[in-house]
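All remarks here apply to the structure that follows.
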Amino acid sequence: MDARERYFWDLTGHLVVKGVLSKEEVEQTNEIVDRYSDRVKVGGSTARDSVAFAGTGRPMLPGILEFPKPDCDPFHNMLAHPAVVSRLNVMCGKGFRLDHGPMFIVSNKGTAGHTMHGNGEPHRPHVAYHHQNGITYVGGVTVAWQLHDCKEGMGGFACVPASHKANFPMPLGVKTGDGDMDLIYQPVVEAGDVVFFMDSAQSHGATPWKLDTTRRSILFKYAGRTSSRGGPSQTVAPPEIYWDKNIVEGMTPEQLAVMFGPYSNHRGEIPMLEVTKDGTVKIEE
Ligand SMILES: O=C(O)CCC(=O)C(=O)O
């Protein structure tokens, strides 16, 4: 990652790297994807209450890392590609890892957008953006490989540039795209390009897909070494799994609360402790 890219990344919270895959690599990968088209699953609409982003459910192609060899090779090659390693070492530090995904989005014409989310709401240190002593850090970076072009205004990944430094909550109109004050920006991408964005720290989502050609964007969700956002951390966090049944047996609920493994993106299923007025430690209501 050179100084130009670092400046752009720090300033805007996203980065498009052009032509990482050659024309031949794109063609070969697309040929594999075509052969697995019967595995596409259409999910619900990600437009929620938005009028601007309304459309049909989002089609996804699951399981690309598990395709039989050699069909999985192009996707395995994306995981630790030099273009990814050289940038993630700077963006979220050495020792970064795949936290969850990949998610392969294969939207058709009319597929809904995805309402804007992230923006550091709520503030969560494990995915927040910060910098000190010339080093920048963000706990969650999504790397999105593009296998088809996406023209201006035609849909796909969109963000509010610089919102990773936002000091106020996102207004509803920006969230839904129904009154975004022209803040939502959809980068133009070509097949072979790779988009990096600050997942969770930055306000991001997708605008509805308007092209006759399908969208083909593969999202790998990376995290800094000390951030455990989702994926297997959810399953391994309980004390009896992270430690051992024998070790945690007989512990009080309060003691068990400090025996959970790292899992920063939990939604309240990890008990939190507080000290009451009379000095007793108890599980927070
Ligand atoms: O469709 C997209 O590229 C946006 C994906 C997104 O919002 C997310 O991964 O959190």
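Side-chain atoms are counted along with the backbone in the values below, which use heavy atoms only and exclude waters and symmetry mates. All ligand and atom numbering here is 1-based and tracks the order in the structure.
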CD/Glu269: more than 12 non-hydrogen atoms of other groups inside 6.0 Å: yes
Check: Asp199/Tyr222 side-chain N/O donor and acceptor closer than 3.5 Å: no
Residues, nucleotides or ligands: over 12 heavy atoms within 6.0 Å of Tyr242 OH: no
Pair His266 + Phe260: ring centers closer than 6.0 Å: no
Atoms of ligand 1 close to Ile105 [distance to a heavy atom under 4.0 angstrom, numbered from 1]: 1 (O), 2 (C)
Whether Trp145 and Phe220 hold their rings parallel, tilted or perpendicular, with breakpoints at 30° and 60°: perpendicular
Distance filter under 4.0 Å to Lys221 heavy atoms, resulting ligand 1 atoms: 8 (C), 9 (O), 10 (O)
Heavy atom of the protein closest to atom 7 (O) of ligand 1 (residue, atom name, distance): His117 CE1, 2.9 Å
Atoms in ligand 1 with a heavy atom of His114 nearer than 4.0 Å: 6 (C), 7 (O)
Parallel, tilted or perpendicular: rings of Trp9 and Phe196 (30°, 60°): perpendicular
Ligand 1 contact on Leu219 by region, counting heavy-atom pairs under 4.0 Å: side chain
Between Thr115 and Arg48: side-chain donor-acceptor atoms closer than 3.5 Å: yes
Element-labelled atoms of ligand 1 that are located less than 4.0 Å from some non-hydrogen atom of Ala206: 1 (O), 2 (C)
Contact atoms of ligand 1, heavy-atom distance to Gly205 under 4.0 Å: 2 (C), 4 (C), 7 (O)
Distance from atom 6 (C) of ligand 1 to nearest protein heavy atom, with residue and atom: His204 CD2, 3.7 Å
Which segment of Gln146 sits under 4.0 Å of ligand 1 when only heavy atoms are counted: neither
Atom 3 (O) of ligand 1: the protein heavy-atom neighbour that sits closest, reported with distance to 0.1 Å: Arg215 NH2, 2.7 Å
